[in-house]
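Beneath this line is the structure, given in structure tokens, with notes to follow.
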Amino acid sequence: MAKHQAPRGMRDVLPPESDWWQWLVSRCREAAHRFGYREIRTPLVEHTEVFLKGVGEGTDIVEHEMYTFADRAGRSLSLRPEGTAGVVRAYVEHGMHTWPQPVKLYYVAEMFRYDRPQAGRYRQHTQFGAEVLGAAGPSADVDVLSLAVRTLQGLGLREVRVHLNSVGDARCRPGYLQAFRDYFQAYYDRLDEDSRRRLTTNPLRILDSKVEQTRQIARGAPRTLDYLCPDCRAHFDRVVRKLEVLGIAVEVDPLIVRGLDYYTRTAAEVHYPKLGAQSTLFGGGRYDGLAEVLGGPPTPGVGFGMGLERVLLVLEQEGLLPEVDASPRVFVCCEGEAWEDEALRVVDALRGAGLRAEGDLLDRSLRAQLRAASKAGARWAVLVGVPGTPAGEVILRDLRSGEQRVVRTEAVVGLVAREEEGGCARTGAGS
RNA sequence: GUGGCCGUAGCUCAAGUGGCAGAGCACCAGACUGUGGCUCUGGGGGUUGCGGGUUCGAGUCCCGUCGGCCACCCCA
């Protein structure tokens with residue numbers, strides 16, 4: 001076994017998986033641009049304070065899951081466990097409230113959480129996320145959520161169902177929480193240990209419990225939707241209706257809550273059940289109080305974060321990963337040292353003409369070079385310096401048919417280029 | 001952080017109740033076609049994740065540790 005391994009919960013991405021990543025990320029970017037979102041790139045680390053305030057001190061993420069360390073000057077920094085806090089910090093820091101509103105931003109970024117790893121849950125993972133800042137109305141919720149949904153659909157995922165709930169706002173949430181606590185307090189002896197703990201730390205998450213007895217109790221629990229103030233109620237109804245206008249399947253789900261403190265009103269998730277316990281593809285919602293918490297002007301915001309490792313797992317399960325052809329089109333073989341420079345010039349000229357071309361780097365025999373060319377999937381081989389070939393000429397061999405002809409060295413690039421163009425036109429390459 | 005299952009070559013996996021670490025694929029070289037694919041021959045590769053213990057003898061049994069997986073927890 002290797003002496004050194006990647007840190008726990010972190011992984012190497014090798015070809016061809018790296019090809020799939022490039023493809024996936026570009027699809028996300030294209031979708032975001034289509035929706036009018038522009039990229040924001042924030043630091044991988046923030047002052048720990050940003051997450052303490054922005055994510056919430058009582059949350060599991062900041063209590064147990066952050067990679068926190070002191071830099072050489074003694075400042076406490078943390079690897080970002082999620083994307084929104086940093087984006088909102090940047091919004092405030094750069095006075096983006098003076099930009100034309102709303103500000104629509106997206107990111108594709110690595111997140112770090114010190115969790116116990118399993119399939120679909122990594123200590124380093126990648127999120128595609130988007131935020132709308134400065135728009136309080138339901139249209140903004142629908143804009144970001146539809147970006148997430150249409151991105152997934154664009155990847156070929158059919159049944160995307162948005163689970164939707166509202167957790168209220170500063171006006172109605174306290175009253176709800178009171179009723180919620182009162183309800184579970186009455187069943188205290190029958191609650192499991194985790195749920196008792198949550199009653200004080202993160203009450204709403206009791207709704208997510210997997211313990212059967214607790215689930216039964218939870219079925220009778222007060223629901224946020226019944227406690228919404230009129231404004232929150234109207235907001236929620238309009239989000240649902242607009243998603244339906246778009247033909248996006250919505251399931252009102254009172255059990256969707258967010259573990260993060262800054263969420264208000266809309267809470268949304270999309271799951272892919274086949275992934276098992278780590279089935280959330282994206283989660284998102286509204287966070288109207290966050291900018292103020294981070295010292296900025298009151299600014300409404302709504303966004304989502306999508307786990308790309310999980311999306312890739314789903315695409316793999318569904319057979320939706322693209323075929324990526326990384327093979328060279330032309331392989332230049334060289335017989336003998338005397339011709340190495342000539343072969344090098346031919347490879348370079350082919351590349352200059354925009355063709356994917358390779359040459360031998362291992363001083364192999366002609367046979368071995370041809371073998372390598374064939375194995376690499378090259379369509380053409382150019383043979384330089386084969387005995388019997390007239391000076392100034394090379395052999396152009398079609399590796400598919402086995403046909404070959406002797407051509408002038410200066411002409412070979414043009415010949416291959418023409419063949420490739422014709423081939424592309426015939427097969428209608430690209431999709 | 002809790003509980004459970006697992007760890008043998010680069011990959012997929014063999015090696016009855018403890019008894020000489022193997023195969024296929026992959027990789028490299030050679031043979032046969034002037035020069036690839038097909039076929040054949042050979043080769044390189046392992047401290048059985050790591051450390052300790054039991055035993056005449058451990059891939060196999062025990063303990064610890066690291067890593068992966070499943071569930072909890074949490075969440076993307």
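Here is the naming used below: chain letters follow the sequence lines, and residue numbers restart at 1 for every chain. The basis for the numbers below is simple: all heavy atoms, side chains too, and nothing from hydrogens, waters or symmetry mates. Bear in mind the structure is a predicted one, so any value in this text is a computation, not a measurement.
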Would you say a side-chain N or O of [X] is under 4.0 Å from OP1 or OP2 of [N]?
X        : N     : answer
A:Arg8   : B:G68 : yes
A:Arg198 : B:C74 : yes
A:Lys375 : B:A26 : no
A:Gln118 : B:A71 : yes
A:Arg367 : B:G36 : yes

Quantified in whole Å, what is the [atom1] atom distance between nucleotide [N] and nucleotide [M]?
N     : M     : atom1 : result
B:A15 : B:G49 : P     : 15 Å
B:C72 : B:C13 : P     : 25 Å
B:G22 : B:U48 : C1'   : 12 Å
B:C11 : B:C69 : P     : 15 Å
B:G67 : B:C50 : P     : 15 Å
B:U47 : B:G43 : C1'   : 22 Å
B:G46 : B:G36 : P     : 32 Å
B:G59 : B:A9  : P     : 14 Å

Heavy-atom closest pair, residues A:Ala170 and A:Pro174: O-CD, 3.2 Å
Toward the 5' end of RNA chain B, by each residue's nearest nucleotide, A:Arg364 or A:Pro387: A:Arg364
Of A:Glu65 and A:Leu399, the one whose closest RNA chain B nucleotide lies more 5': A:Leu399
Rounded to whole angstroms, how far apart are [atom1] on [X] and [atom2] on [N]?
X        : N     : atom1 : atom2 : result
A:Met306 : B:A76 : CE    : P     : 12 Å
A:Gln5   : B:U65 : CD    : C1'   : 12 Å
A:Met66  : B:G1  : CE    : P     : 17 Å
A:Arg371 : B:C32 : CZ    : P     : 13 Å

For the rings on [X] and [Y], is their centre-to-centre separation under 6.0 Å?
X        : Y        : result
A:Phe112 : A:His125 : no
A:Tyr183 : A:Tyr187 : yes
A:Phe304 : A:Phe128 : yes

NA contact type, [X], heavy-atom cut-off 4.0 Å: base, sugar-phosphate, or nothing?
X        : result
A:Ala373 : nothing
A:Arg310 : base
A:Gly129 : nothing
A:Tyr122 : base
A:Gly402 : base
A:Leu383 : base
A:Gly9   : sugar-phosphate
A:Gln369 : nothing

Secondary structure string for RNA chain B (Watson-Crick or G-U under 3.5 angstrom, | for other-strand pairs): (((((((..((((.....[..)))).(((((.......))))).....(((((..]....))))))))))))....
Shortest side-chain distance from A:Ser365, nucleotide among B:G36, B:C75, B:G30: B:G30
Given B:U35, B:C72, B:C74, the nucleotide with the shortest approach to the side chain of A:Ala277: B:C72
Aromatic ring of A:His64 stacked on base six-ring of B:G1, 5.5 Å, 30°: no
A:His64 NE2 to A:Tyr114 OH distance, which is reported to the nearest 0.5 Å: 13.5 Å
Pair [X] + [Y], salt bridge at N-O below 4.0 Å:
X        : Y        : result
A:Glu244 : A:Lys242 : no
A:Arg418 : A:Glu421 : no
A:Lys104 : A:Glu131 : no

Verdict with supporting geometry, A:Arg123 and A:Glu110, salt bridge (Lys or Arg N to Asp or Glu O under 4.0 Å): CA-CA 10 Å; A:Arg123 289 185 172 179; A:Glu110 318 296 326; over 6 Å; no
Base B:C73 to side chain A:Arg116, donor-acceptor N/O within 3.5 Å cut-off: no
Atom CH2 of A:Trp20 with >12 non-hydrogen neighbours under 6.0 angstrom: yes
